[in-house]
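Notes follow once the structure below has been shown.
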Amino acid sequence: MRNDLRNPNEPIAPASSQFVSAASLRARLDWFNKLRWGAAFGVMAVVLIAGVGLKAPIEVRGLMLTGAVLLLLNTAYELRNRRFKAVDIAVELRLVKVQMVCDLLALTVLLNLSGGVENPLLFLYVIHVIIASLLFKGREIFQIAWLAIFLFTADVFGEYFGLLPHHHLPTAGEVAHELSFVLMTLGSFWLVILFCAYVGALIMKHNRSIKDELAARQAVLLAEDRAKTDFFRFVTHEIKSPVNTAQSGVETALELGGESMAPSVRDVLERAIGRLKQATKIIQDLADLTRGGILKEENLTEVDFNDLVSAAVDDQRDLAARSSLAMNVLLPDPPIILTTIRNMAETIVANLVNNSIRYNREGGRVSVRLVDTGKRVRLVVEDQGIGIAEEEQDLIFDEFYRSTEARETSTLGTGLGLAIVRKFVEELGGTIEVDSTVGRGSTFTVTLPRKSRKRRR
Ligand code: ADP
């Protein structure tokens, strides 16, 4: 089974009455630019085919000119978007408005040159109102709707009263001067536009309130998570020194007692040391787990990942030998150099290799591979051990989770190792996946970027 892990700390978006951020607005602007390219080239192609190819009596020059102006404007928008980063939402919103007004003007000119009220494409205004409802809030949506209504009504009456030239559409009847038709069309046009603006505003208001509620709930969850982490940090800090003192006290007692010590007393003290070492491991794991925010430029160093992996494997060869395990290591040549945080990378590798040894079968094999995939590096740690049931594969990355089988196989375990691995992998900008079959073995695959950088929150 694959287990792609998401980052639970990634905020949805700050709570706000605005539905968009500067970046998401820019992404939409880029999308509108693409639509505009299509629209402008489409108009020009149709005009060329109909007007020049089929010699239909249409306003070829005027229509081509409007298409060209649209192309020019779009080029300017594109250049501006490439040149300047989207940082200020107010600036981006202003730009969207300007673009929308220009689009509405261009559409009105195009309609004027192609039949005005006779042209069924007049409902293209609706698209603008829908787009406005995706980006703006109530009043602004209606501003766009009223502008569309004003422009089209002005054109239709302008043509009707002879104030503007009327370019008859060859496929339509001469209806631009029939008052009943003009009024009927304008009436339904007003109705559709205002209805779209109303429904759009209503839907988006609802969506925004859902998003705000989600953001508020997430803020509460994040605060609770932070409080839990602070508590862990406090506890680990406070119990570290008494545990260390107790451990060194028992060790000293053992040393001082020497051979004169009764075997039963020695046995009790040795078991006490074993338990205290376990407590120290838990404290260390908790300290690792609650460590955070250390991914800063100044903490990044160039690390020979080949060396780091071989050293981590060598450190655990004795442990592997106790279960007669074969350790295979496959490293790429030339070696992989990572820009990363050394001790985090060490902890990741050490924990995975340690698990592959502890949860292996007697005489089994551990294989550690490093694969260079260009911008990223893949670390694969494979064993032939007890495996992990499918329903548990999502749980093993949770703090303190240990499978029943693991608890029976190895009593020494905190259930924190993989939680730490996941946290560190994510902090370094990587991913972790597990693939496992019960009784056959497990494969953990970690992908890390060549250069870790601070995630943008
Ligand atoms: P620990 O090993 O201290 O219990 P981990 O967080 O490292 O804690 O692992 C959590 C659980 O995931 C383990 O208790 C075990 O059930 C399972 N697990 C981890 N690695 C392996 C592995 N290589 N093979 C089988 N089970 C594993």
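In listed order, ligands and their atoms are each counted from 1. The basis for the numbers below is simple: all heavy atoms, side chains too, and nothing from hydrogens, waters or symmetry mates.
Residue-level proximity to ligand 1 for S442 is carried by the side chain, the only part with a heavy atom below 4.0 angstrom.
Within a 6.0 Å sphere centred on CZ of F123, heavy atoms belonging to other residues, nucleotides or ligands number more than 12. Within a 6.0 Å sphere centred on NZ of K451, heavy atoms belonging to other residues, nucleotides or ligands number more than 12. Environment of OH in Y198: sparse, with no more than 12 heavy atoms of neighbouring residues, nucleotides or ligands closer than 6.0 Å. Few gaps surround NZ on K97; more than 12 heavy atoms of other groups in view lie less than 6.0 Å from it.
For atom 17 (C) of ligand 1, the closest non-hydrogen atom on the protein side is I396 CG2, 3.7 Å. If you check which protein heavy atom lies closest to atom 16 (O) of ligand 1, you get S403 OG, 2.8 Å. In terms of protein heavy-atom proximity, atom 15 (C) of ligand 1 is closest to A406 CB, 3.5 Å. Nearest protein heavy-atom neighbour of atom 10 (C) of ligand 1: Y401 O, 3.3 Å. Ranking protein heavy atoms by distance to atom 1 (P) of ligand 1, first place goes to Y359 OH, 3.3 Å. Of all protein heavy atoms, the one closest to atom 7 (O) of ligand 1 is N355 ND2, 2.8 Å.
Residue contacts with ligand 1: E392 is excluded, as none of its non-hydrogen atoms falls under 4.0 Å. Contact analysis leaves F397 out of contact with ligand 1, as no non-hydrogen atom separation drops below 4.0 angstrom.
When the options T340, D372, T373 are evaluated for a side-chain hydrogen bond (donor to acceptor under 3.5 Å, both in side chains) with R450, the one that passes is D372.
Remark: ligand 1 and I386 share no N or O pair separated by less than 3.5 Å (distance only, no angle test). Taking only nitrogen or oxygen atoms, main chain and side chain alike, L418 reaches within less than 3.5 Å of ligand 1.
Residue G415 approaches ligand 1 through these ligand atoms, each under 4.0 Å from one of its heavy atoms: 1 (P), 3 (O), 4 (O), 6 (O), 8 (O). If you number the atoms of ligand 1 from 1 as listed, the ones under 4.0 Å from a heavy atom of R358 come out as 1 (P), 2 (O), 3 (O). Close approach of ligand 1 to L416 (heavy-atom distance below 4.0 Å) involves ligand atoms 6 (O), 8 (O). The distance from ligand 1 to the heavy atoms of G387 drops below 4.0 Å at these ligand atoms: 25 (C). Atom numbering of ligand 1 starts at 1 in the shown order; those under 4.0 Å from a heavy atom of R402 are 1 (P), 4 (O), 14 (O). When each atom of ligand 1 is checked for a heavy atom of D383 under 4.0 Å away, the hits are 22 (C), 23 (N), 24 (N).
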For a quick test of your reading: what N or O donor-acceptor pairs under 3.5 Å do the side chains of residues 250-261 make, sequence neighbours left out?
unit_1: E251; atom_1: OE2; unit_2: Q247; atom_2: NE2; d: 3.4
unit_1: T252; atom_1: OG1; unit_2: S248; atom_2: O; d: 2.5
unit_1: S260; atom_1: OG; unit_2: G257; atom_2: O; d: 2.5

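Between atom CD1 of residue I239 and atom CZ of residue F234 there is a gap of 10.5 Å, rounded to the nearest 0.5 Å.
In summary, the aromatic rings of F189 and Y125 are positioned with their centroids under 6.0 Å apart.
Compare V366, I388, T414, I282 by their heavy atoms: the one nearest to atom 26 (N) of ligand 1 is in I388.
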Trace of the side chain to side chain contact (heavy atoms under 4.5 Å, CB included) decision for R275 with R271
CA-CA 6 Å; R275 301 299 271 177; R271 270 192 284 136; 5.5 Å; no

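Shown here are the side chain to side chain contact (heavy atoms under 4.5 Å, CB included) partners of T414, two or more places apart in sequence or in another chain: K281, I282, D285, L416.
Y359 and E405 share no side-chain donor-acceptor pair at under 3.5 Å.
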